[in-house]
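A note on names: the letters A, B, ... follow the listed sequences, proteins ahead of strands, and every chain is numbered from 1.
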There are 2 protein chains.
Amino acid sequence: MPESTVTKPAQGYRARVRAELTAEIKAAATRQLEAEGATSLSLRAIAREMGMASSAIYRYFPSRDELFTALIIDAYNDVGDRVEAADAACAPTNYHDRFLGVAKAIRQFALDSPHQYALIYGSPIPGYKAPQDTIDPAVRVPVCLMTILVDAKPKGGKSKKLDQAMAGLMDFTGHSITPVALARGVQAWGEIMGLISLEMFGHFENAISDPAVLFDHAMGELADRVVQ
Amino acid sequence: MPESTVTKPAQGYRARVRAELTAEIKAAATRQLEAEGATSLSLRAIAREMGMASSAIYRYFPSRDELFTALIIDAYNDVGDRVEAADAACAPTNYHDRFLGVAKAIRQFALDSPHQYALIYGSPIPGYKAPQDTIDPAVRVPVCLMTILVDAKPKGGKSKKLDQAMAGLMDFTGHSITPVALARGVQAWGEIMGLISLEMFGHFENAISDPAVLFDHAMGELADRVVQ
DNA sequence: CACAAAAGAGAGCAGTGCTCTTGACAATGG
DNA sequence: CCATTGTCAAGAGCACTGCTCTCTTTTGTG
């Protein structure tokens with residue numbers, strides 16, 4: 001939570017206690033999220049667990065949605081950290097390994113924190129509109145993926161239609177990559193997220209008994225195709 | 001005429017009214033689902049809309065989850081119908097067109113019924129366990145996709161690990177296709193669902209302004225790769 | 001027609017997010 | 001040193017939710 005830096009510069013005892021309590025509420029919420037899922041996350045239950053009145057929670061989070069926002073940002077940052085760490089652990093020019101590492105990091109995040117994964121990559125919570133603060137953490141994963149792609153300098157044709165259909169992405173890459181190659185990167189992103197989501201949300205039931213084997217095979221094939 | 005009066009007889013007036021009311025409740029629920037999303041679907045609101053007591057709904061659906069199950073089955077059958085129709089509209093040996101038609105049918109379903117799409121392909125509702133009745137409608141889409149793949153008789157290597165990782169799927173295809181080729185089909189399924197989900201759940205915001213162009217391009221490229 | 005089965009209505013329980021008011025406390029200015 | 005000010009927690013209460021139970025009405029059929 002970004003604490004208001006505009007208030008008294010003192011940052012005394014009071015501010016510290018407030019920050020600690022805010023963190024504790026978020027921790028309790030995370031615990032509940034992991035145990036029960038997003039929709040059954042209850043402010044009253046959090047208050048109960050913390051031994052305080054439910055109304056007191058509102059001193060720290062003005063609404064349930066604000067708490068959700070905090071959890072969503074945390075989740076995005078969690079997977080972002082993992083992905084960037086996996087990327088950094090590889091030799092910068094070994095695009096194949098970087099791609100593989102990133103893909104596996106995303107899946108591992110999903111396996112470790114299924115509810116967090118569902119929170120950010122599943123159906124959006126109805127009535128909840130993601131505020132601006134979430135987009136910076138949210139783009140970390142695709143940015144990492146696209147950076148690897150750009151670094152690999154892949155071949156690919158031009159396409160005016162594709163170019164303007166992906167205008168935002170093209171701007172981000174500084175037009176240092178052709179639209180067709182960039183589209184291949186988005187496709188790869190889609191395949192990664194699609195395979196993980198199908199697995200996490202139960203669509204592999206009775207069909208694929210060992211999703212890890214399939215995923216690793218698919219990512220190897222995908223990396224061959226997309227980078228180098 | 002043999003009169004078996006003991007079992008459910010003739011299905012007279014009463015049974016018809018019951019079937020009609022059940023359908024009407026489901027219709028009202030669908031309307032609410034489309035307007036507000038799954039989590040804010042309220043039995044009391046449905047009862048209010050129909051001008052009956054909330055408790056009366058329970059004569060038709062024993063619980064909210066049962067209503068959800070009905071809606072989920074409907075959604076699966078909706079997309080299943082579309083997909084099978086799109087497939088049947090193509091020349092059976094034109095695998096490229098069949099694949100493209102199926103992929104576009106899934107995306108069109110998502111665009112037409114975003115909440116239904118989220119219901120079946122988004123995060124599962126916590127605490128809700130899909131009963132057996134949902135799996136038959138659920139597999140219609142992947143079955144259609146895999147059937148096209150098998151028909152296309154694609155090349156591909158063997159892999160014992162992959163073979164047993166996808167044992168269920170291999171059985172379904174009658175082992176008439178190699179594991180590597182089948183995996184390619186699952187990857188294609190993943191890419192289709194991944195791209196649609198990323199689009200539907202807002203992850204293309206500010207990056208891809210015209211998802212239709214990207215999707216069509218991706219599917220063309222994908223079809224080239226997977227069939228024929 | 002009589003009667004059992006089916007359907008509807010209403011009250012009630014435990015839970016939810018959220019608001020408003022009230023009282024307690026700590027930090028600070030005169 | 002006391003009074004003011006801002007912060008915090010608590011409690012009651014509102015409008016909801018899913019669901020159960022009981023009671024009454026309706027209705028098809030032997």
Side-chain angles (χ1 to χ4, degrees), chain A residues 1 3-4 6-25 28-29 32-33 35-71 125-129, chain B residues 1-25 28-29 32-33 35-71 125-129:
Chain A
M1 277 265 80
E3 49 189 37
S4 52
V6 197
T7 55
K8 290 296 162 79
Q11 304 290 22
Y13 170 79
R14 212 131 176 179
R16 249 224 339 260
V17 166
R18 183 179 177 83
E20 272 170 23
L21 260 183
T22 305
E24 205 173 317
I25 291 173
Q32 256 195 47
L33 175 69
E36 303 279 346
T39 63
S40 54
L41 202 162
S42 148
L43 287 183
R44 293 179 114 111
I46 294 171
R48 226 176 290 131
E49 182 181 328
M50 299 188 57
M52 72 197 305
S54 65
S55 52
I57 301 281
Y58 288 85
R59 295 262 169 217
Y60 300 89
F61 292 94
S63 77
R64 194 168 173 264
D65 279 4
E66 294 282 330
L67 219 187
F68 267 127
T69 299
L71 295 181
I125 300 161
Y128 173 82
K129 185 74 191 77
Chain B
M1 289 299 286
E3 264 286 308
S4 63
T5 56
V6 191
T7 61
K8 284 194 236 166
Q11 305 292 14
Y13 173 78
R14 205 138 181 174
R16 241 204 11 238
V17 165
R18 183 178 177 85
E20 273 169 23
L21 259 183
T22 306
E24 206 173 317
I25 291 172
Q32 258 195 48
L33 175 70
E36 303 279 345
T39 61
S40 54
L41 201 161
S42 146
L43 286 182
R44 291 179 114 111
I46 294 170
R48 228 175 291 130
E49 183 180 327
M50 299 188 57
M52 71 199 303
S54 67
S55 53
I57 300 282
Y58 288 82
R59 297 266 173 217
Y60 300 89
F61 292 94
S63 79
R64 193 169 173 263
D65 279 3
E66 293 281 330
L67 220 188
F68 267 127
T69 300
L71 295 180
I125 300 162
Y128 174 82
K129 184 77 192 71

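- Put simply, CZ on B:R18 is 16 Å from P on C:dA5, counting in whole angstrom units.
- Computed from coordinates, the B:M52 CE to D:dT26 P distance equals 15 Å when rounded to whole Å.
- Shown here are the salt bridge (charged side-chain N to carboxylate O under 4.0 Å, His left out) partners of B:E66, two or more places apart in sequence or in another chain: there are none.
- Nucleic acid contact for B:L67: none, since no nucleic acid atom lies under 4.0 Å from a heavy atom of the residue.
- Residue-level contact check: A:I57 touches neither bases nor backbone, having no heavy atom under 4.0 Å from any strand.
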Could you list, one pair per line, each protein nitrogen or oxygen that sits under 3.5 Å from a nitrogen or oxygen of nucleotides 16-18 of chain D, together with the distance?
{"residue": "D:dT17", "atom": "OP1", "partner": "B:S42", "partner atom": "OG", "Å": "2.9"}
{"residue": "D:dT17", "atom": "OP1", "partner": "B:R48", "partner atom": "NH2", "Å": "3.3"}
{"residue": "D:dT17", "atom": "OP2", "partner": "B:R48", "partner atom": "NH2", "Å": "2.7"}
{"residue": "D:dG18", "atom": "OP1", "partner": "B:L41", "partner atom": "O", "Å": "3.3"}
{"residue": "D:dG18", "atom": "OP1", "partner": "B:L43", "partner atom": "N", "Å": "2.7"}
{"residue": "D:dG18", "atom": "OP1", "partner": "B:R64", "partner atom": "NE", "Å": "3.4"}
{"residue": "D:dG18", "atom": "OP2", "partner": "B:L43", "partner atom": "N", "Å": "3.2"}
{"residue": "D:dG18", "atom": "OP2", "partner": "B:R44", "partner atom": "N", "Å": "3.2"}
{"residue": "D:dG18", "atom": "N7", "partner": "B:R44", "partner atom": "NH1", "Å": "2.5"}
{"residue": "D:dG18", "atom": "O6", "partner": "B:R44", "partner atom": "NH1", "Å": "2.9"}

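- One can place CD1 of A:I46 at 16 Å from P of C:dG15, the figure rounded to the nearest angstrom.
- The 5' end of DNA chain C is approached more closely, in terms of each residue's nearest nucleotide, by B:A53 than by the other of A:P62 and B:A53.
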Which atom pairs, donor and acceptor, lie under 3.5 Å between side-chain atoms of residues 44-58 of chain B and protein residues at least two apart or in another chain?
{"residue": "B:E49", "atom": "OE2", "partner": "B:R31", "partner atom": "NH1", "Å": "2.1"}

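- Between the B:Q32 side chain and the B:S42 main chain, a donor and an acceptor come within less than 3.5 Å of each other.
- Using a 4.0 Å heavy-atom criterion, one finds that B:Y60 contacts the sugar-phosphate atoms exclusively.
- For the pair A:F61 CZ and C:dG17 C1', the interatomic distance rounds to 16 Å; values are reported in whole Å.
- With values rounded to the nearest 0.5 angstrom, A:R64 atom CZ is found 6.0 Å from A:L41 atom CG.
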Short heteroatom pairs, N/O only, protein and nucleotides 20-23 of chain C, under 3.5 Å:
none

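- Here the CZ-CD1 distance, from B:F61 to B:I25, works out to 6.0 Å after rounding to the nearest 0.5 Å.
- Here the shortest heavy-atom pairing between B:L71 and B:A29 reads CD1-CB, 4.1 Å.
- Shown here are the side chain to side chain donor-acceptor pair (under 3.5 Å) partners of B:T69, two or more places apart in sequence or in another chain: B:Y128.
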